[in-house]
Amino acid sequence: MATTLSEVYGDTPLQLKHIVPLDFDSIRHLPDSHVWTEPVDLSSKKNVHESDIVPIVDMTAPNVVELVGNACRKWGMFQVTNHGVPSGLLGDAESHARRLFALPAEQKLKALRSPGGATGYGLARISPFFSKLMWHEGFTIMGASAVDHAKLLWPHDYEAFCNAMDNYQKEMKSLAYKILVLILESLKAKDEETLISSTVSSEGALQLNSYPCCPNGHNQAIGLVPHTDSLLLTILHQNDTEGLQVFRENAGWITAPPVSGALVVNIGDLLHIVSNGQFPTVYHRVVPNETRHRFSMAFFCGPQGDSLVAPMSNLGSPRYRSVTVKEYLSIKNKHLEKAIPLLKTA
Ligand code: OGA
Ligand code: NI
């Protein structure tokens, strides 16, 4: 039996203080637990010129392979339009996510992620790396895990939520497959079949994110600290409230603004390895908003836990050693952003 991502993620137990989110509804002032001692520079670059705008790729463009390849090489992030996912389905999933986060805190805690678990309600998985907490609550779904948690949240009415999440995950999986094929084509990869088939058979993970309105007069709070995503690709739907920013050498933090109907795609660590370092695994973060509640839904796509990931053979001498997904996630769980440098071959 293949090792699923949920089995892999479940291997690293966390402490409750790194799992339980604030009761945001009852908070009027930023609590000390969420005041970052170094004031967070929340500014995004002003006077952005065209070369500083996150690329938008029309999936129906005749030269889509080239567009995707360029965006991956130069940015590691882009927004896709004409992706074929019905807007009604995105709206439906978003409204179910909103319904979940709108539940009273004590109700949400019924679906709290267990210390050794990977799914359910709770803080971001990277929380234990920091002494301060993020202004964020999340809900993680892997495969069919939503059913057990939704039954705890809505014992008599859990099916609508589960159906919306199932439909959403199916659409994201099939879009992730299409984008992965375009990306591997742009790399002129020859030995891509195992990677594709292992990714198609893997469940991926869906992360619902909520960033409530934040009393952040002194720029001391952060929604999600700068990080890279671990797997191959992330596809993200954000509501109409901006907050996602991407780090660019020489330009600093650039906002990836909500574009109606578009989905954000970013490269993760494993695709950086597969591309032999040609595609950056992109640093991104979320800044809080004082007046608007932000929601997003991130689908993480990657191969099964025991799959071996390595630079494609046509991309020159390998800059990284090969690694199983499981081993990579366990290195990342210990070393966070130092995980990739640890795999360097020389
Ligand atoms: C994530 C993430 C960004 C967002 O969940 O890994 O980066 O906009 N989310 O919520
Ligand atoms: Ni991320």
Side-chain angles (χ1 to χ4, degrees), residues 5 9 18-19 21 24 40 42 44 54 75-80 90 93-94 97-98 100-101 113 118-130 133-142 165 168-169 172 176 204-214 221-248 253-260 262-272 279-289 292-302 328-329 332-333 336-337 339-340:
L5 289 176
Y9 273 110
H18 291 128
I19 303 178
F24 293 100
V40 186
L42 297 181
S44 170
V54 178
W75 279 80
M77 179 184 274
F78 50 101
Q79 306 218 39
V80 285
L90 297 174
E94 184 187 316
R98 284 171 182 269
L100 186 153
F101 291 117
R113 195 168 74 225
T119 60
Y121 178 68
L123 287 169
R125 283 201 76 82
I126 45 177
S127 300
F129 284 94
F130 305 92
L133 296 174
M134 293 168 242
W135 196 263
H136 166 266
E137 53 181 340
F139 184 85
T140 312
I141 297 171
M142 291 190 192
M165 294 305 139
Y168 189 80
Q169 288 181 96
M172 287 303 120
L206 176 61
Q207 172 74 21
L208 312 182
N209 294 308
S210 151
Y211 308 90
C213 301
C214 176
I222 184 88
L224 212 51
V225 292
H227 66 281
T228 64
D229 294 344
S230 303
L231 299 180
L232 286 175
L233 273 187
T234 305
I235 306 179
L236 179 116
H237 163 71
Q238 51 183 339
N239 75 332
D240 55 3
T241 301
E242 63 178 39
L244 175 63
Q245 297 182 336
V246 45
F247 190 75
R248 300 277 288 158
W253 291 103
I254 305 246
T255 296
V259 172
S260 176
L263 293 161
V264 181
V265 179
N266 69 262
I267 301 291
D269 300 345
L270 295 182
L271 200 49
H272 173 78
F279 299 161
T281 174
V282 61
Y283 263 96
H284 52 285
R285 69 177 187 180
V286 176
V287 297
N289 190 303
R292 296 172 64 97
H293 192 150
R294 177 163 197 277
F295 297 94
S296 73
M297 306 178 63
F299 181 77
F300 304 105
C301 140
Y328 183 69
L329 292 175
K332 181 125 182 202
N333 265 327
L336 207 58
E337 76 264 34
I340 289 271

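Throughout, numbering of the chain's residues begins at 1 and tracks the sequence. Whatever order the structure lists them in is the order used to number ligands and atoms, beginning at 1.
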Enquirer: Counting from 1, what ligand 1 atoms have a heavy atom of V286 closer than 4.0 Å?
Expert: 3 (C), 4 (C), 8 (O), 10 (O)
Enquirer: Could you tell me whether a side-chain N or O of R294 sits under 3.5 Å from a main-chain N or O of T241, the two making a donor and an acceptor?
Expert: yes
Enquirer: Provide, to 0.1 Å, the distance between atom 2 (C) of ligand 1 and the closest protein heavy atom, together with that atom's residue and name.
Expert: L224 CD2, 3.5 Å
Enquirer: Where on Q238 is there a heavy atom closer than 4.0 Å to ligand 1, on the side chain, on the backbone, on both, or on neither?
Expert: neither
Enquirer: I'd like to know if the side chain of Q238 and the backbone of A256 have a donor-acceptor N/O pair within less than 3.5 Å.
Expert: yes
Enquirer: So, H284 side chain and Q245 main chain: donor-acceptor pair closer than 3.5 Å or not?
Expert: no
Enquirer: Closest non-hydrogen protein atom to atom 5 (O) of ligand 1, residue and atom name please, with distance?
Expert: N209 ND2, 3.2 Å
Enquirer: Would you say W135's side chain and P212's backbone share a donor-acceptor pair under 3.5 angstrom?
Expert: yes
Enquirer: Has N239 got a side-chain atom pairing as donor or acceptor with H293's backbone, closer than 3.5 angstrom?
Expert: yes
Enquirer: Is H284 in contact with ligand 1, taking contact as a heavy-atom separation below 4.0 Å?
Expert: yes
Enquirer: D229 to ligand 1: N or O pair under 3.5 Å?
Expert: yes
Enquirer: Side chains of H272 and T228: closer than 4.5 Å at any heavy-atom pair?
Expert: no
Enquirer: With the threshold set at under 4.0 angstrom, would you say R294 reaches ligand 1 through any of its heavy atoms?
Expert: yes
Enquirer: Does R113 reach the main-chain N or O of L123 with its side chain, forming a donor-acceptor pair under 3.5 Å?
Expert: yes
Enquirer: Would you kindly specify which portion of L236 sits under 4.0 Å from ligand 1, judged on non-hydrogen atoms: side chain, backbone, both or neither?
Expert: side chain
Enquirer: Which of the N/O/S atoms in D229 sits closest to the Ni ion (ligand 2)?
Expert: OD1
